[in-house]
Amino acid sequence: MTAVADTSTDLLRAIASFGAPGVPAEGFAWPSAPLGRAAFGTLLLEAVHERITGHLCNAVERRALAVSEAQRAEAVRAHQDALVVDLVLERALLKAVEDLERAGIDARVLKGAAIAHTVYQAPELRSFRDVDLLVRNQQLDPAVQVLTDQGAIRRFREPRPRFNRRFGKGVCLRTVDGVEIDLHRAFAAGPFGLRIVSARLFERACAVPLGGRTVAGLDPTARALHAAFHAALGDDPPRLVAVRDVLQVLDDAALDANELIDLALAWRCGIVVQRAVQLAQEVLGADLADHPVGRFAHQYEPSAFEQRALRSYIGVNRGYARQAVAGVGAVQGLRAKAAYVGALVLPDSAYVQERDGGYLRRLGRGARLLVDEWHER
Amino acid sequence: MARWQRNEQTLWRAGPDGCLVVLSPTDRRPFVVDGSGAALWGALAEPRTVDEVAEQLAASFGVACDVIVRDIEPVLVALLERDAVRRVP
């Protein structure tokens, strides 16, 4: 059935899916005349926010989206601005990787830059806003040290020393040039991140060509799983660029779909892949019925753990604290569970002051979350 | 005759409307080459003389070679000054 792209949301979705693998070309009916000035201004702002100015310019160039000359010039300027940011970020990424390499730290480039240079037809189509690098658990703290020695500032405290390298998603830093670098040890905070075996992500790599050299990115299986995490658990509602990524990684000729499914099952995150596929279908109109991962998503019955875990990432009550509470069930081993709970219940005083303003207020908030969690069970 | 080639360490994107966005290893900020910058950059993937580049672009755009040479020479000099391209023997 053809959806009429007559609202800003429909049109944004049409732009985000323009030329995407798995999306029928006749899926959206584009407006036959240029939008009014105000409507186009809104559309452009939203396209910038959703990081899809590349697809917007592509749709204009191929005459799918009717625009006036002035609107065309505005779209071009907006996309040029996005490309300028991409290049500044890529330079920061290369410098960070080189600094880490000199210190003997192995890193994998994640998300934006890695995806843009590997699974898109052209990197111009995939813009990004920060640098994401994955390091091994035991190298997270040394990696933070390397980057802070170069002037980067750590943005958030951790509950207790070494908490992040054991249980966290990673560490967020800001360089002296204002670039945000996210050093990850896992794909997500909370229960789904805690199930990931970091060492597996370093067993293989793919080459990401950048500035006359290659840097290491995730292998196609891990890359696809991470794209699913980003789309399904990142923002709610998800950014359109993250949902488009899902279609791009699933279309990757190097992807072994069965291996992706096995990995998701082993890490108890089949529901994450399922939600990512559902989003690609519902938001971008993709037809994945014949794709093995699409068939898996259609048939998969998630466990109670997965359903409970997913609720901490989506909806109005989503948040770090809720994910932390839901994560208790995902930590393996009694001693590890005790360390995890201990760090969250009684973290360092500086962390408590920054986050909650005091221990009593934190305990009250934690108790409310536990009661909510118990009620949901 | 000197030949021109991209500095392989230059970061770049082919932008909308045929423009090129480049960030050389020594520049602080990216800059935009409007018009047929992306086509020029495409021709510089291999070492080429100005005439060879002009011939390639003339065939693509249907413009006389001497007009192209006049257009691209200042752009190449600007790219060289920014270390985005190199002159090779």
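All values below come from the heavy atoms of this structure, side chains included, with hydrogens, waters and symmetry mates left out. Numbers restart at 1 for each chain; the letters A, B, ... are given by sequence-line order, proteins then strands. Because the structure is predicted, anything quoted here is derived from the model rather than measured.
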Could you report the tightest heavy-atom contact between A/Ala231 and A/Ala242, atom names first, then the distance? CB-O, 3.6 Å

Do the side chain of B/Ser60 and the main chain of B/Gln56 share a donor and acceptor less than 3.5 angstrom apart? yes

With only heavy atoms counted, which part of A/Glu61 is less than 4.5 Å from chain B, the side chain, the backbone, both or neither? side chain

At a heavy-atom separation under 4.5 Å, does A/Arg72 approach chain B through its side chain, its backbone, both, or neither? side chain

Looking at chain A, which one of B/Glu8, B/Arg13, B/Gln9 has the largest number of heavy-atom pairs inside 4.5 Å, strictly under? B/Arg13

Sort out for me which of A/Cys57, A/Ala75, A/Gly212 touches chain B most, counting heavy-atom pairs under 4.5 Å. A/Gly212

Shorter than 4.5 Å, heavy atoms on both sides: which option in A/Thr53, A/Val84, A/Asp177 has the most such pairs with chain B? A/Val84

Stepwise, does the salt bridge (Lys or Arg N to Asp or Glu O under 4.0 Å) test hold for A/Glu180 with A/Arg155? CA-CA 9 Å; A/Glu180 189 170 304; A/Arg155 294 191 62 203; 2.7 Å; yes

Between A/Trp30 and A/Phe18, what is the ring plane arrangement, given parallel below 30°, perpendicular above 60°, and tilted in between? perpendicular

Lys/Arg-Asp/Glu bridge criterion (N-O < 4.0 Å) met for [X], [Y]:
| X | Y | result |
| --- | --- | --- |
| A/Arg126 | A/Asp86 | no |
| A/Glu50 | A/Arg239 | no |
| A/Asp10 | A/Arg13 | no |
| A/Glu101 | A/Arg213 | yes |

For chain B, which residues from residues 114-123 of chain A lie under 4.5 Å away (heavy-atom distances)? A/His117, A/Pro123

Toward chain A: residues of residues 17-38 of chain B with heavy atoms under 4.5 Å: B/Asp17, B/Cys19, B/Val21, B/Val22, B/Leu23, B/Ser24, B/Pro25, B/Thr26, B/Asp27, B/Arg28, B/Arg29, B/Pro30, B/Val32, B/Asp34

Return yes if a side-chain donor-acceptor contact under 3.5 Å exists between A/Asp132 and A/His184, otherwise no. yes

Please step through side-chain contact (heavy atoms from CB on, under 4.5 Å) for the pair B/Leu44 and B/Leu40, ending with a clear verdict. CA-CA 6 Å; B/Leu44 296 173; B/Leu40 171 64; 4.2 Å; yes

I'd like to check B/Glu46 versus B/Arg48 (side-chain heavy atoms, cut-off strictly below 4.5 Å). Are they in contact? yes

So for atom CZ, which belongs to A/Arg37, do other residues, nucleotides or ligands contribute more than 12 heavy atoms lying within a distance under 6.0 Å? no

